[in-house]
2 protein chains.
Amino acid sequence: MARPRTVDDGAVLAGLTATFRSSGYGASSLSSLSEAAGLRSASLYHRFPGGKADMALAVLDDVARQFAHILEPLVTGSDPAADVTEMASRLSVFYSDGKLACVLETMTLDGAPDEVLSHARGLSQAWIDAMAGVATRAGAAPRDADRVAVDAFARIEGSLVASRVLADPSRFLSTLADLPDLLTLRETS
Amino acid sequence: MARPRTVDDGAVLAGLTATFRSSGYGASSLSSLSEAAGLRSASLYHRFPGGKADMALAVLDDVARQFAHILEPLVTGSDPAADVTEMASRLSVFYSDGKLACVLETMTLDGAPDEVLSHARGLSQAWIDAMAGVATRAGAAPRDADRVAVDAFARIEGSLVASRVLADPSRFLSTLADLPDLLTLRETS
DNA sequence: GTCTATAGCCCGATAGAC
DNA sequence: GTCTATCGGGCTATAGAC
């Protein structure tokens with residue numbers, strides 16, 4: 001990233017991410033991506049020679065970087081319930097309190113190339129593994145830890161879908177609030 | 001539907017549904033819809049003068065009809081837990097054991113027209129209302145009934161997303177198995 | 001590194017024969 | 001009621017000036 005660029009890398013990625021996130025892979029046209037990124041399509045092809053698939057992979061790489069931050073409390077923390085609360089807080093920022101869709105959901109629709117699908121799959125699995133890890137530290141048996149981690153993943157994704165379909169993001173926030181109990185096996189919900 | 005048609009109405013709708021369901025609204029092209037329906041695009045325009053939006057609305061109408069059947073046990077039954085089990089069984093057929101996406105999820109992405117969005121929203125709400133109704137009959141207070149119904153909706157949608165993203169439909173089936181306890185407030189999960 | 005311009009194809013949609 | 005043929009425009013992608 002040493003060479004001068006008239007449009008900031010981060011701004012380009014942010015624009016591409018926003019478009020893929022809200023429209024999905026197949027419905028994101030190059031012109032919509034170009035407009036959101038602030039670059040003409042020819043310039044996008046200069047940065048992403050593989051075209052739309054390359055852009056999607058770069059977006060997923062960037063999302064992976066953001067998730068590394070979101071999940072960091074689960075890896076470095078020592079108080080499982082507090083660590084999950086902190087992860088939930090960072091998730092809330094990432095999803096804008098439930099107003100934004102999950103790129104893992106939207107990007108795996110349409111006719112996304114296999115490489116994009118497997119990338120999204122790996123990212124989801126890493127997220128689940130991190131949540132299973134904190135459940136294990138909270139005292140869960142490996143099978144239970146994996147079960148509640150996948151359950152947490154499904155509940156988060158489902159609450160985002162419900163927030164969009166019902167046009168009411170409140171379900172996402174209450175799901176986040178339930179996560180500490182769910183992942184530490186103090187299931188009250 | 002008295003006039004002769006060389007291609008069966010049901011087959012056309014089934015093809016359109018399959019395409020919208022797996023690709024979403026924006027990524028479903030007229031050529032893909034045409035191929036799935038078994039009709040040339042000009043013939044599709046004859047049946048659906050409003051174009052793609054008309055086709056999407058017809059698909060949602062058909063889905064509403066199917067949901068009337070899926071939800072029928074909740075309305076006519078007398079044993080809440082058994083009624084939810086029967087609904088879950090019919091849902092499993094509709095979603096092909098978790099291998100098919102939810103048209104309510106995929107159709108509300110992309111640039112779907114407002115009419116399509118509100119149609120999908122109404123269908124989701126009817127589903128939730130039916131589930132809240134059975135929870136009420138199981139003894140839940142109105143607030144609790146609505147809460148668990150929305151929760152059930154979100155869990156079902158989330159398990160379908162998880163099934164797709166993780167390429168493992170088993171989460172959908174275990175979510176269905178949890179529904180009777182969830183909706184009758186015997187929460188063990 | 002980004003731009004204008006354009007290639008070639010596919011898009012949604014329509015006209016008119018049968 | 002479905003077809004072939006076609007319109008204008010948007011699509012992904014590339015060539016070449018600056």
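Per chain, numbering begins at 1; letters A, B, ... match sequence-line order. Values below: all heavy atoms of this structure, side chains included; hydrogens, waters and symmetry mates excluded.
Heavy atoms of A:Ser34 sit nowhere under 4.0 angstrom from any nucleic acid atom. Heavy atoms of A:Ser28 sit under 4.0 angstrom from primed sugar atoms or phosphate atoms, though from no base atom.
Within the structure, every side-chain polar atom (N or O) of B:Ser31 is placed at least 4.0 Å from both OP1 and OP2 of C:dC10. When the side-chain nitrogen and oxygen atoms of B:Ser43 are compared with OP1 and OP2 of D:dC3, one or more of them lie within a distance under 4.0 Å.
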Please lay out, stage by stage, how B:Asp151 and B:Arg155 fare under the test salt bridge (charged side-chain N to carboxylate O under 4.0 Å, His left out). CA-CA 6 Å; B:Asp151 196 30; B:Arg155 289 211 207 180; 3.4 Å; yes

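A straight line from CG of B:Asp8 to C1' of D:dG1 spans 14 Å, rounded to a whole angstrom. Rounded to an integer number of Å, the gap from CZ of A:Arg40 to P of D:dA13 is 18 Å. We find that CG of A:Leu39 is positioned 17 Å from C1' of D:dT12, with the value rounded to whole Å. One atom, CZ of B:Phe48, and another, P of D:dT2, lie 10 Å apart when rounded to the nearest Å. Distance A:Arg47 CZ to C:dT2 C1': 9 Å, rounded to the nearest Å. For the pair A:Glu35 CD and D:dT12 P, the computed distance is 13 Å after rounding to whole Å. Rounded to an integer number of Å, the gap from CG of B:Leu33 to P of C:dC11 is 10 Å. Atom-to-atom, NE2 of B:His46 to P of C:dG16 comes out at 17 Å; the value is rounded to the nearest Å.
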Dump the pairs, protein N or O against N or O of nucleotides 13-15 of chain C, anything under 3.5 Å, distances to one decimal.
| residue | atom | partner | partner atom | Å |
| --- | --- | --- | --- | --- |
| C:dA13 | OP2 | B:Tyr45 | OH | 2.2 |
| C:dA13 | O5' | B:Tyr45 | OH | 2.7 |

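Of the possible polar contacts, none joining the B:Tyr25 side chain to the B:Pro113 backbone as a donor-acceptor pair under 3.5 Å is found.
Sorted by first and then second residue, the ring-ring contact (aromatic ring centres under 6.0 Å, His included) pairs involving residues 115-137 of chain A (not counting sequence neighbours) are A:Phe67-A:Trp127, A:Trp127-A:Phe153. Residue pairs satisfying the side-chain hydrogen bond (donor to acceptor under 3.5 Å, both in side chains) criterion with at least one member in residues 162-172 of chain A, sequence neighbours excluded, are listed as follows: A:Glu105-A:Arg164, A:Arg164-B:Thr108, A:Asp168-A:Ser170.
Remark: B:Arg21 qualifies as a cation-pi partner of B:Phe94 under the 6.0 Å distance and 45° angle criteria applied to the six-membered ring.
Classification of A:Asp54 and A:Arg47 as a salt-bridged pair fails, no side-chain N sitting under 4.0 Å from a carboxylate O.
Side-chain contact of B:Ser32 with B:Ser29: a donor-acceptor pair under 3.5 Å is present, judged by distance alone.
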